[in-house]
Amino acid sequence: MSINRRLFLQKSSLSALFSGLLVPSSGQLSIDKKKKNPNSLVGGPVLLSTWKQLKAHAAATPLLDSGASALDAVEACARVPEADPDDMSVGYGGLPDRDGRVTLDACIMDHNGNAGAVTYLEHIMHPVSVARAVMEKTPHVMLSGEGALRFALESGFQKENLLTEKAEKAWREWLKTAEYKPKVNIERHDTIGTVALDKAGNLSGACTTSGLSYKMNGRVGDSPIIGAGLYVDNEIGAACATGLGELVMKTLGAFLIVELMRQGYSPQAACEEAAQRIIKKQNYKEFQVGFLALSKKGEHGAYSLQKGFNYTLYQKSKNQVIEASSFLQ
Ligand code: SD4
């Protein structure tokens with residue numbers, strides 16, 4: 001075993017996560033399938049995004065109002081935090097992995113069930129747009145690492161240095177202890193998952209992130225995984241996730257939420273049930289996961305494992321941050 005790996009296992013609280021600790025069944029709730037989110041309304045257009053994304057919504061919601069597709073809206077929305085050097089969990093300015101490399105994950109899905117994704121993409125500021133190009137211009141769904149970068153450059157994207165001075169300074173500070181311990185709501189939670197319902201009644205979604213800060217080199221999270229960080233089924237609804245990707249990937253959270261909605265769960269109940277799936281098998285107490293769901297009718301749901309999850313909703317011509325998302329513990 002290499003020294004780095006040994007160090008990681010010694011220092012990481014993730015080793016507890018992977019040890020399969022069970023949560024007592026008393027922690028599980030039975031859910032009213034019709035449960036409503038108090039902020040949920042009916043009717044589009046709607047844009048729904050993880051965390052405080054008023055700037056991103058300001059760029060994207062005029063598109064929805066002018067009749068643009070949900071696909072164009074979610075891409076425009078995701079591009080805002082990607083280009084923002086102060087958003088340290090997405091794109092430019094994102095915190096690097098433990099080797100000092102900014103590696104990005106993103107995906108996008110449209111109302112026809114088409115999907116595109118990139119993982120471990122370096123040097124490109126807008127992975128969501130590369131994901132869209134993968135969807136529209138290649139026979140594949142996902143490109144990774146070197147191949148994703150080569151495709152991006154061939155498609156006309158610029159190669160850039162994404163490690164800002166601020167992010168590099170934070171990484172160098174982290175190196176002093178090199179202790180890897182994801183913290184609830186402190187894990188630079190501005191990763192954006194965004195889902196939209198357009199004027200034509202179509203749904204799309206996107207998700208983009210620099211992943212967990214100081215992750216192992218090569219680590220890929222839930223955000224670019226279709227069905228985990230994002231899922232869209234234009235007949236039913238759309239869902240996205242944020243938080244500790246390892247928990248979301250093992251339960252395929254976004255796909256699960258959409259399938260529960262297909263079975264008659266409200267968006268709110270579906271998010272709560274997806275959280276229950278996580279706590280059944282995983283040690284969740286120290287970690288955050290937040291889910292958002294949007295139905296074909298424009299109703300939404302939101303739920304997280306821990307206090308502190310918030311989200312941004314555009315509906316009835318109004319953008320607002322909803323602070324008081326309900327949570328499990
Ligand atoms: C990941 N889900 O890479 C992402 C991180 C995230 O807010 O959402 N942070 O696991």
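Counting convention: from 1, in listed order, for ligands and their atoms alike.
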Got an N/O contact under 3.5 Å between G245 and ligand 1? yes

Which one of T209, D222, V289 has a non-hydrogen atom at the shortest distance from atom 1 (C) of ligand 1? D222

Report yes or no: does a heavy atom of Q288 sit under 4.0 Å from some atom of ligand 1? no

When only distance counts, is R219 in polar contact with ligand 1, meaning an N/O pair under 3.5 Å? yes

Which atoms of ligand 1 sit under 4.0 Å from any heavy atom of T191? 5 (C), 6 (C), 7 (O), 8 (O), 9 (N)

Derivation and outcome, ring-ring contact (aromatic ring centres under 6.0 Å, His included), residues F291 and Y303: CA-CA 5 Å; F291 288 120; Y303 198 66; 8.6 Å; no

The atoms of ligand 1 lying under 4.0 Å from a heavy atom of G211, numbered in the order shown, are 3 (O)

F151 versus T138: any side-chain heavy-atom pair under 4.5 Å? yes

Under 6.0 Å from the CD atom of E235, do we count more than 12 heavy atoms belonging to anything else shown? no

Taking 4.0 angstrom as the limit, do R219 and E246 come out as a salt bridge? yes

Got a salt bridge between E165 and K169, using NZ or NE/NH1/NH2 to carboxylate O under 4.0 Å? no

Any N/O pair G243/ligand 1 closer than 3.5 Å: yes

Only heavy atoms of T242, strictly under 4.0 Å: list the atoms of ligand 1 that pass. 6 (C), 7 (O), 8 (O), 9 (N)

Would you call E273-R277 a salt bridge at under 4.0 Å N-O? yes

I need the contact type for M249 against ligand 1. Using non-hydrogen atoms and a strict under-4.0 Å cut-off, is it side chain, backbone, both or neither? neither

So is S223 in contact with ligand 1, going by heavy-atom distances below 4.0 Å? yes

Side chains of H300 and S295: is there a donor and an acceptor less than 3.5 Å apart? no

